[in-house]
Amino acid sequence: MGGSDGGAAAKSVVESKEWYLAAYAPENVPTSDHLKLRSVTISLEYDSVADQHVAVQLLLISVDPYLRSTITGRDGDLYLPRPPLNKAITGFGIGRVVRSKNKNFNEGDIVINPFSPVAEYSIIPADFLRKIDQTTDIALPNYLSCLGVPGFTAWVAIEVLGNPKPGSNVFISAAAGGVGMFAGQLAKLKGCRVVGSTGSNDKVQLIKDEFGYDEGFNYHEESDFDVALAKYFPDGIDLYLDNVGGKLLDDVLNHVNKGAHIVISGMISQYNTIPAEREGVKNLLNMVGKDVKMQGFLCGSYLNQFGEFAQLMEKYIKEEKIKPKHKINQGIESFFESFVSLFSSSNLGKVIVQVAT
Ligand code: NAP
């Protein structure tokens with residue numbers, strides 16, 4: 001739910017901290033040479049806001065892997081637009097309207113914006129804003145996790161594309177993260193046997209204890225994925241939701257059942273590597289012998305089904321059939337560290353930065 005306006009509405013000029021892209025990062029984990037923090041002065045006077053624009057104070061910003069693929073300075077991969085240099089980067093954010101020159105939005109409205117500048121304050125077109133109903137008891141971070149992109153991606157992967165039958169053997173990588181935690185819970189609700197891989201023993205415990213996974217393993221501790229997959233899937237894999245790509249995907253291909261489905265959401269293990277040096281997949285021939293279907297997708301291609309998803313997910317949240325787990329870091333300063341944490345197995349759950357309350 002919303003909260004107070006923090007006094008922002010009373011201010012006419014603010015010093016706003018923002019993260020901007022100083023240089024593209026073609027390979028390796030981005031550093032402070034690429035993403036930098038600066039302070040800019042913004043007038044929030046009514047006359048400073050252009051027609052059909054609103055001034056927004058950022059409350060929460062989602063920290064997502066797709067940002068990594070957009071700042072390589074290369075085209076291709078996810079085919080998302082390349083952010084311009086020297087401008088504030090953007091992400092899925094929740095903010096409070098502090099000035100409005102659009103009839104659909106009033107001061108005090110809480111809004112979600114897929115192109116939210118990672119900035120304490122911004123003046124933006126109202127086109128992509130959606131109001132969040134503040135009369136429900138759904139906590140705001142949920143709109144960036146189970147009711148946002150990670151939850152929707154998990155739903156598309158499991159319900160729309162994978163659609164496993166009860167009793168199917170389902171494998172999910174990056175199982176404790178935003179997409180993985182909801183995918184695992186959705187597959188369990190469909191009566192599947194679900195195994196996840198993730199990057200720490202605490203996360204293995206989390207997916208089993210809180211998300212209902214039947215089994216899990218720490219991929220950092222497995223020297224041979226073939227051996228691990230044989231152990232956890234004695235009856236083979238019917239559906240693999242791939243969030244990581246690389247060697248794990250290659251080894252999954254040796255354990256698929258006839259008619260198996262591989263749904264590729266992303267390949268985070270390859271995001272810091274230039275295309276020529278990425279791990280190749282050698283076991284594709286299994287797809288022929290086992291009639292396997294492999295399919296990549298972007299959740300944005302399924303937006304026409306978002307309403308159906310949101311209705312179901314809200315019901316599951318109220319019934320506590322789906323449990324979210326958030327890693328909420330405090331202050332806009334923590335955005336860079338939060339982003340880099342996506343590549344080190346150091347977080348737990350969906351990573352979000354709380355910028356203001
Ligand atoms: P997330 O899982 O919350 O965070 C990323 C996680 O990936 C990290 O916490 C880390 O967890 C794992 N990871 C990082 N480097 C790795 C490596 N080298 N090998 C294996 N695992 C590694 O992020 P998310 O937002 O839910 O995204 C998960 C995947 O879905 C990403 O590939 C992302 O690009 C994709 N995605 C796709 C769509 C779509 O529309 N297709 C939408 C959203 C996200 P561990 O502790 O397990 O290592």
Side-chain angles (χ1 to χ4, degrees), residues 28-30 61-72 77-80 91-92 114 141 144-146 148-158 160-162 171-185 195-207 211 213 216-222 225 228 240-252 263-273 278-279 295-303 305-306 309 324-329 337-353:
N28 301 322
V29 176
I61 186 89
S62 175
V63 183
D64 294 297
Y66 77 87
L67 174 63
R68 176 65 193 98
S69 359
T70 64
I71 61 170
T72 59
D77 289 348
L78 299 183
Y79 297 95
L80 296 171
F92 281 82
L144 300 179
S145 68
C146 40
V149 167
F152 185 47
T153 304
W155 181 81
V156 171
I158 299 298
V160 180
L161 304 177
F171 180 43
I172 297 172
S173 51
V179 175
M181 75 174 126
F182 301 121
Q185 294 180 73
V195 178
S197 65
T198 184
S200 73
N201 294 338
D202 284 350
K203 290 191 187 191
V204 171
Q205 211 55 48
L206 174 79
I207 64 173
F211 307 149
Y213 276 74
F217 64 87
N218 176 351
Y219 67 90
H220 291 302
E221 290 189 348
E222 299 291 341
F225 293 151
Y240 173 43
L241 168 55
D242 187 12
N243 286 311
V244 307
K247 181 86 178 81
L248 193 53
L249 170 61
D250 204 18
D251 287 340
V252 163
V263 176
I264 302 180
S265 152
M267 296 194 169
I268 195 164
S269 74
Q270 308 300 304
Y271 289 175
N272 292 312
T273 310
R278 287 185 186 153
E279 280 175 302
Q295 176 176 22
F297 74 103
L298 276 181
C299 66
S301 309
Y302 295 82
L303 279 182
Q305 288 173 265
F306 190 86
F309 150 77
K325 180 91 180 171
H326 303 133
K327 172 79 179 96
I328 301 186
N329 296 323
E337 201 183 308
S338 303
F339 176 55
V340 167
S341 81
L342 296 179
F343 304 102
S344 68
S345 307
S346 59
N347 51 50
L348 207 67
K350 166 70 195 151
V351 183
I352 294 170
V353 170

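Just follow the structure's listing: the first ligand is 1, and inside any ligand the first atom is 1.
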For this session: Just say parallel, tilted or perpendicular for the rings of Trp155 and Phe309, cut-offs at 30° and 60°.
Result: tilted

* Asked: Does some side-chain heavy atom of Tyr66 sit less than 4.5 Å from a side-chain heavy atom of Leu80?
  -> yes

Could you walk me through whether Phe152 and Tyr302 pass the side chain to side chain contact (heavy atoms under 4.5 Å, CB included) check? CA-CA 9 Å; Phe152 185 47; Tyr302 295 82; 4.0 Å; yes

| task | For atom CD of Gln295, decide whether the heavy atoms of other residues, nucleotides or ligands shown that lie under 6.0 angstrom number more than 12. | result | yes

- In terms of side-chain geometry, is the basic nitrogen of Asp77 or Arg68 positioned less than 4.0 Å from the acidic oxygen of its partner? no

List ligand 1's nitrogen or oxygen atoms that come under 3.5 Å of a protein nitrogen or oxygen, with the partner atom and distance.
unit_1   : atom_1 : unit_2 : atom_2 : d
ligand 1 : 3 (O)  : Gly178 : N      : 2.9
ligand 1 : 9 (O)  : Asn347 : OD1    : 3.2
ligand 1 : 11 (O) : Lys203 : NZ     : 3.4
ligand 1 : 21 (N) : Tyr219 : OH     : 3.2
ligand 1 : 26 (O) : Gly178 : N      : 3.2
ligand 1 : 26 (O) : Val179 : N      : 2.7
ligand 1 : 30 (O) : Asn243 : OD1    : 3.3
ligand 1 : 30 (O) : Ser265 : OG     : 3.0
ligand 1 : 32 (O) : Asn243 : O      : 2.8
ligand 1 : 32 (O) : Tyr271 : OH     : 3.2
ligand 1 : 34 (O) : Tyr271 : OH     : 2.7
ligand 1 : 36 (N) : Ser265 : OG     : 3.4
ligand 1 : 40 (O) : Cys299 : N      : 2.7
ligand 1 : 41 (N) : Ser265 : O      : 2.9
ligand 1 : 41 (N) : Phe297 : O      : 2.8
ligand 1 : 46 (O) : Gly199 : N      : 3.2
ligand 1 : 46 (O) : Lys203 : NZ     : 2.6
ligand 1 : 46 (O) : Ser345 : OG     : 3.2
ligand 1 : 47 (O) : Thr198 : OG1    : 2.9
ligand 1 : 47 (O) : Gly199 : N      : 3.0
ligand 1 : 48 (O) : Tyr219 : OH     : 2.5
ligand 1 : 48 (O) : Ser345 : OG     : 2.7

task: Go through the steps to decide whether Asn218 and Asn201 satisfy the test side-chain hydrogen bond (donor to acceptor under 3.5 Å, both in side chains), and finish with yes or no.
output: CA-CA 6 Å; Asn218 176 351; Asn201 294 338; 3.1 Å; yes

